[in-house]
Novice: 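Sending over a structure as structure tokens; questions will come in a sec.
Only heavy atoms go into these numbers, but all of them, side chains included; no hydrogens, no water, no symmetry mates. Sequence positions, counted from 1, serve as the residue numbers for this chain.
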Amino acid sequence: MNMLQALTLAAIAAGAADVGSLLRSLDPPDGFVMDGEVAVYPADRLWDYINGGADAYLRNGVLETAALSIRRPSESLPSITIDLHRMSASNGAEAIFGEEKSPTAESLKLGSGGAWQSGLLSFWDGPYYARIVTQTTRDSTLACAEALARLLPTRLEPMPIFRLFPHGERVSDSETRSVKPYLGIHGMTDVYSMRFRDSAGEYELLLRKNRPPLTEKNVEKLGKIASMPTRDSPIQKIDLEDGRVLLLFYIKMCPYMAGYLGPKPDQSRIALLGQWVEGLPKRE
């Protein structure tokens with residue numbers, strides 16, 4: 001099995017990005033810290049978490065649920081508990097939001113629809129439904145909800161999508177938008193990129209609007225196209241003259257083409273790339 005085949009198989013096996021990765025990327029509001037680890041419940045285990053209330057979520061197509069508690073450093077009990085549900089489609093998220101919204105709740109401009117009532121803030125966006133139980137102020141709760149809404153990959157904006165990369169240590173202040181040709185490659189304009197690092201060193205991920213695969217004329221003196229995407233392996237591999245590898249992923253129904261730039265990825269990077277690429281937001 002070659003490297004490109006391995007990448008494709010890893011992407012298929014990994015499945016869609018889990019809501020746990022989104023909550024792990026959440027920055028708590030000022031004055032708060034995370035209380036313990038994020039817990040993830042697939043649909044067939046939702047009863048373990050929502051005893052007596054899972055039926056409504058299952059009926060509306062829940063795929064998985066992640067839960068996170070947040071507290072003040074001086075307190076031992078959590079002040080905010082976030083449940084983030086990923087449904088099979090956006091109409092399921094909208095439906096469960098409508099079922100749980102109180103008629104007297106205050107409507108919020110949050111995601112595709114939000115609501116606030118004493119002790120509970122909820123909103124939905126795309127296939128995601130967030131339910132935030134709180135014992136702290138409305139402002140702190142709303143700040144938490146807004147931070148979460150920015151993470152959800154429903155607006156199809158590039159920079160938040162990088163946060164879906166699992167377990168990647170992002171290099172500070174490495175976010176870049178290049179209007180000029182990326183790496184000098186003709187046709188690779190308006191590229192968003194972010195650098196990551198692991199024990200083997202640094203590498204870069206990139207996103208741009210989906211376009212046809214590059215040709216030899218695009219690459220010219222910068223490198224050589226080693227393989228073209230196929231139906232079974234939608235990945236283009238370009239060997240650059242400086243020794244690095246550029247991998248471009250063409251994902252069906254995804255508004256973005258994803259990419260990797262760095263040394264030939266080892267198995268650990270291959271697995272993470274597969275998870276990230278398969279979890280990129282798709283058009284419904």
Side-chain angles (χ1 to χ4, degrees), residues 11 14-29 32-43 45-46 49-50 57 60-71 78 80-90 92-94 96-97 100 108 110-114 121-134 140-170 175 192 194 196 205 207 251 254-256 258 271-284:
D18 66 277
V19 285
S21 65
L22 290 168
L23 287 190
R24 293 184 192 101
S25 298
L26 179 66
D27 293 325
F32 292 83
V33 296
M34 291 187 178
D35 183 40
E37 300 295 324
V38 173
V40 178
Y41 302 88
R45 287 187 48 229
L46 191 57
Y49 180 57
I50 310 176
Y57 290 87
N60 286 296
V62 68
L63 298 176
E64 59 179 356
T65 296
L68 170 67
S69 293
I70 296 173
R71 62 176 175 82
I80 301 173
T81 300
I82 304 169
D83 292 344
L84 181 61
H85 308 271
R86 184 169 67 89
M87 318 301 284
S88 59
S90 58
E94 182 180 14
I96 192 67
F97 168 76
E100 295 197 339
L108 300 175
L110 191 63
S112 295
L121 187 153
S122 61
F123 71 93
W124 73 279
D125 205 2
Y128 298 97
Y129 172 57
R131 190 175 190 274
I132 303 175
V133 177
T134 179
S140 292
T141 307
L142 184 57
C144 185
E146 290 173 339
L148 177 58
R150 288 192 294 269
L151 286 179
L152 300 184
T154 57
R155 295 302 179 195
L156 307 180
E157 295 174 356
M159 289 309 177
I161 295 174
F162 285 120
R163 288 202 164 203
L164 287 176
F165 189 67
H167 313 302
E169 181 186 350
R170 295 185 297 276
E175 302 91 342
Y192 295 81
M194 186 178 292
F196 292 78
L205 300 182
L207 289 165
I251 309 105
C254 182
Y256 289 105
L272 294 180
L273 280 169
Q275 293 178 44
W276 180 61
V277 169
E278 184 63 22
L280 292 177
K282 312 295 192 298
R283 292 190 182 97
E284 294 191 9

Novice: Can you see which heavy atom on G114 is nearest to which on F123, and at what distance?
Specialist: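 Heavy atoms only, the tightest pair is CA-CB, 3.7 Å.
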Novice: Given L205, which partner from the list L272, L273, V277 fulfils the side chain to side chain contact (heavy atoms under 4.5 Å, CB included) test?
Specialist: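 One option only clears the test, and that one is L273.
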Novice: For the atom pair CG (L151) and CD (E146), what is the distance rounded to the nearest 0.5 Å?
Specialist: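 The CG atom of L151 sits 12.5 Å away from the CD atom of E146.
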Novice: Does V19 reach the side chain of H85, with side-chain heavy atoms less than 4.5 Å apart?
Specialist: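 Side-chain contact under 4.5 Å: no.
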Novice: Are any non-hydrogen side-chain atoms of S88 and L63 less than 4.5 angstrom apart?
Specialist: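 A side-chain contact under 4.5 Å exists here.
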Novice: Between V38 and G20, which heavy-atom pair has the shortest distance, and what is it?
Specialist: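 Between these two residues, the closest heavy atoms are CG1-CA, 4.0 Å.
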Novice: For E37, does the CD atom have more than 12 heavy-atom neighbours from other residues, nucleotides or ligands under 6.0 Å away?
Specialist: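 12 or below, so no.
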Novice: Check P78 against D35 and note the closest heavy-atom contact, atom names and distance.
Specialist: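 Between these two residues, the closest heavy atoms are CD-OD2, 3.9 Å.
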Novice: Would you name the heavy atoms of V62 and M87 that are closest together and state the gap between them?
Specialist: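 It is N-CE, 3.6 Å.
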Novice: To the nearest 0.5 angstrom, please state how far the CD1 atom of I132 sits from the CD1 atom of I80.
Specialist: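 Here the interatomic distance stands at 7.5 Å.
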Novice: Just wondering, do I70 and I82 contact through their side chains at under 4.5 Å, heavy atoms?
Specialist: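 Yes; the side chains approach each other to less than 4.5 Å.
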Novice: Among L152, L26, T65, find the one that has a side chain to side chain contact (heavy atoms under 4.5 Å, CB included) with L84.
Specialist: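 Exactly one candidate clears the test, L152.
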Novice: Determine the sole option in L68, L23, D27 for which the side chain to side chain contact (heavy atoms under 4.5 Å, CB included) test with M34 is passed.
Specialist: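 For M34, the side chain to side chain contact (heavy atoms under 4.5 Å, CB included) check succeeds only for L68.
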Novice: What are the two closest heavy atoms between F97 and S122, and how far apart are they?
Specialist: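 Of all heavy-atom pairs spanning F97 and S122, the closest is CE1-OG, 3.5 Å.
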Novice: Side chain to side chain donor-acceptor pair (under 3.5 Å) for Y129 and N60? Distances and angles first, verdict last.
Specialist: CA-CA 11 Å; Y129 172 57; N60 286 296; over 6 Å; no
Novice: From L110 CG over to D125 CG, what is the distance, rounded to the nearest 0.5 angstrom?
Specialist: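 Here the rounded value is 8.0 Å.
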Novice: Please report the closest heavy-atom contact between W124 and S90, naming both atoms and the distance.
Specialist: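 Nearest heavy atoms, W124 then S90: CZ3-O, 3.8 Å.
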Novice: Please report the C-alpha distance between I50 and Y41 in whole Å, then the side-chain angles of each, then the deciding distance to 0.1 Å, and finally whether the side-chain contact (heavy atoms from CB on, under 4.5 Å) criterion is met.
Specialist: CA-CA 10 Å; I50 310 176; Y41 302 88; over 6 Å; no
Novice: Using 30° and 60° as the class boundaries, would you call the ring planes of F162 and W276 parallel, tilted or perpendicular?
Specialist: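 Rings of F162 and W276: parallel, under 30°.
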Novice: Is a side-chain donor or acceptor of E64 paired with a backbone partner of V40 at a separation under 3.5 angstrom?
Specialist: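 Not at all, since once roles are kept as given, no pair shorter than 3.5 Å links the two residues.
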